[in-house]
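A quick write-up on the structure given underneath.
Position 1 is the first residue of the sequence; numbering continues from there.
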Amino acid sequence: MKNIFRPGYCAPAVLAAALASTGAVALAPTAVLAVPAGGYADLVGTLSPSVVYIEVTSSASPKDASMDLPEGIPEELRRHFEDLRPDAGEPQMRQGVGSGFIISKDGRIVTNSHVVDGADKVTVKLADGRSFVADVIGSDPMTDIALLQVKTGEDLPAVAFGDSSEMRPGDEVIAVGNPFGLGGTVTSGIVSATSRNINSGPYDDFIQTDAAINRGNSGGPLFNADGKVIGVNTAIFSPDGGSVGIGFAVPSDMVQRIVDDLADDGSITRGWLGVQIKPMSQEIASVLGYDTARGAVVETVFDDSPAKAAGLQQGDIILAFNDTKITEMRDLTRAVAQTAPDADAKLKVLRGGSEKTIDLTIGTLEPGKA
């Protein structure tokens, strides 16, 4: 299992997406938490049947397989090891595992996009031991959320989403999943922080928790004390790939929007403004009389974009999008992405020292468009 680095992020420690694969088991310290009277047993007994074990089979070319060899190995030695592989030159099969949870009685399941990415076959194992082949309805790599469907011919135990916006640092949470392939593992902790930006993408808004999350927990639910899903466990920050008490979950408010969109046609529709932006510098903030930098500075206005049609200009500072105040760049990217295409919007911008309002119609973000 190789550590997965989030794009655009560099640090001495590794930010590893909790991709599931079997490997050496390392014990992680348990978070200190004031356990409720009677413990979590009753709550876990109710929730666990809704958490599933996901096995993924995918093909890997010999070229991909050679990537498992150490970097910098001499080419002659690399060829020697590749020649020793069974059926050298033929596609090899790879397997991975992860977690997920049932959100509807008819068998819809939420997991991480990276768990099923490139999968040829996805198998879902229920808590009672039965296994079913799942269809991938859709996947959104930008938020790392995927929606699956299994057909069992009977109603399945489903869990409900909670309101992640109500979570506060210090609130108790429970993570359930399959770390290192150990099905039905439960860990507890607290919310360490909310709205974390870990530089994994333009829509970062993670819940940080100290509940132990390890490889194989990917796609598993993070529950609040009422047994509602308030996050999907997605990534860990770790120097060695094991849990050090810094895990990240996609908040349920975002997950629900993505899942509802995927359920329609398997794809995500996002709004598009058509600008390249950068943060306001502290120097500019001081000149404008702001205590701290705020807003998003327009660096480029793309041709044939809603921004261009509305007259947005390079150097404009976007202070608000509709009712959303823009404190940092991701406030704008999230607000625009969550706006339906063809919807009317208002921008409050600062141009030449004066504030003005610009009306525009939001476009559609096409796949691959920045």
Side-chain angles (χ1 to χ4, degrees), residues 18 20 33 36 40-54 98-116 124 126-127 134 137-140 143-150 155-169 171-179 183-196 203 205-213 216-236 247-263:
L33 182 66
Y40 294 113
D42 290 340
L43 185 60
V44 170
T46 300
L47 301 175
S48 290
S50 301
V51 182
V52 302
Y53 179 76
I54 298 176
S99 305
F101 56 97
I102 303 167
I103 61 168
S104 67
K105 292 181 178 180
D106 63 355
R108 293 203 166 181
I109 294 169
V110 171
T111 187
N112 278 150
S113 174
H114 75 252
V115 169
V116 298
V124 169
L126 305 183
I137 296 177
S139 181
D140 180 36
T143 57
D144 204 11
I145 296 298
L147 181 63
L148 314 180
Q149 174 78 63
V150 294
D155 288 347
L156 295 178
V159 290
F161 284 109
D163 187 349
S164 57
S165 68
E166 294 183 351
M167 300 305 293
R168 304 166 301 166
D171 283 342
E172 296 176 355
V173 288
I174 302 169
V176 185
N178 303 284
T185 297
V186 182
T187 58
S188 65
I190 61 172
V191 173
S192 303
T194 59
S195 195
R196 278 294 196 212
Y203 311 121
D205 192 30
F206 292 100
I207 295 172
Q208 180 183 331
T209 177
D210 69 349
I213 296 173
N217 275 111
S218 275
L222 187 68
F223 293 104
N224 63 15
D226 295 325
K228 300 293 181 65
V229 177
I230 51 86
V232 177
N233 300 319
T234 296
I236 59 174
F248 301 97
V250 182
S252 59
D253 292 352
M254 179 182 294
V255 175
Q256 289 181 82
R257 289 193 297 268
I258 297 300
V259 167
D260 289 345
D261 203 352
L262 289 174

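- Between the side chain of Ser252 and the main chain of Phe161, no donor-acceptor pair closer than 3.5 Å is present.
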Legend entry - Criterion side-chain contact (heavy atoms from CB on, under 4.5 Å) on Leu43 and Phe223, from CA distance to verdict: CA-CA 10 Å; Leu43 185 60; Phe223 293 104; 5.9 Å; no

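- Residues Gly227 and Leu47 approach most closely at O-CD2, 3.4 Å, considering heavy atoms.
- What you find for Ala146 and Ser139 is that their closest heavy atoms are CB-OG, 3.9 Å.
- For the side-chain contact (heavy atoms from CB on, under 4.5 Å) with Ile109, the qualifying choice from Val124, Leu147, Ile103 is Val124, the only one to do so.
- Side-chain N or O atoms of Ser50 include none that pairs as donor or acceptor with a backbone N or O of Phe101 at under 3.5 Å.
- Thr111 places a side-chain N or O within donor-acceptor distance of the main-chain N or O of Ser99, the cut-off being under 3.5 Å.
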Inset, instruction - Please lay out, stage by stage, how Leu126 and Leu156 fare under the test side-chain contact (heavy atoms from CB on, under 4.5 Å). - result: CA-CA 9 Å; Leu126 305 183; Leu156 295 178; 3.9 Å; yes

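- When all heavy atoms of Val186 and Ile174 are compared, the pair lying nearest together is CG1-CG2, 3.5 Å.
- Nearest heavy atoms, Val176 versus Asn217: C-ND2, 4.2 Å.
- Tested against Val173, the residues Ile207, Asp210, Thr187, Ile230 include a single side-chain contact (heavy atoms from CB on, under 4.5 Å) partner, Ile230.
- Ser48 pairs by the side-chain hydrogen bond (donor to acceptor under 3.5 Å, both in side chains) definition with nothing, not counting sequence neighbours.
- The heavy-atom pair separating Tyr203 from Met254 by the smallest distance is O-CE, 3.2 Å.
- Here the shortest heavy-atom pairing between Ser164 and Pro251 reads OG-CB, 3.5 Å.
- No side-chain heavy atom of Phe248 sits less than 4.5 Å from a side-chain heavy atom of Ile236.
- Formation of a donor-acceptor pair under 3.5 Å by the Gln256 side chain with backbone atoms of Asp163 is not found in this model.
- Side chain of Asp140 to backbone of Ile145: no donor-acceptor contact under 3.5 angstrom is found.
- Asp205 CG to Asp253 CG: the interatomic distance, rounded to the nearest 0.5 Å, is 9.0 Å.
- Put simply, the residue from Val255, Val259, Thr143 that forms a side-chain contact (heavy atoms from CB on, under 4.5 Å) with Val232 is Val255.
- Summarising the geometry, atom CD1 belonging to Ile258 is positioned 10.5 Å from atom OG belonging to Ser113; distances are rounded to the nearest 0.5 Å.
- Taken from CG in Asp171 to CG in Asn224, the straight-line distance is 8.5 Å, to the nearest 0.5 Å.
- For the atom pair OG1 (Thr209) and CE (Met167), the distance works out to 8.5 Å, reported to the nearest 0.5 Å.
- Between Thr234 and Asn112, the side chains place a donor N or O and an acceptor N or O closer than 3.5 Å (distance only, hydrogens not considered).
- Atoms CD and OG1, from Glu166 and Thr194 in turn, are 12.5 Å apart once rounded to the nearest 0.5 Å.
- How far CD1 of Ile190 is from CZ of Arg168: 11.5 Å, rounded to the nearest 0.5 Å.
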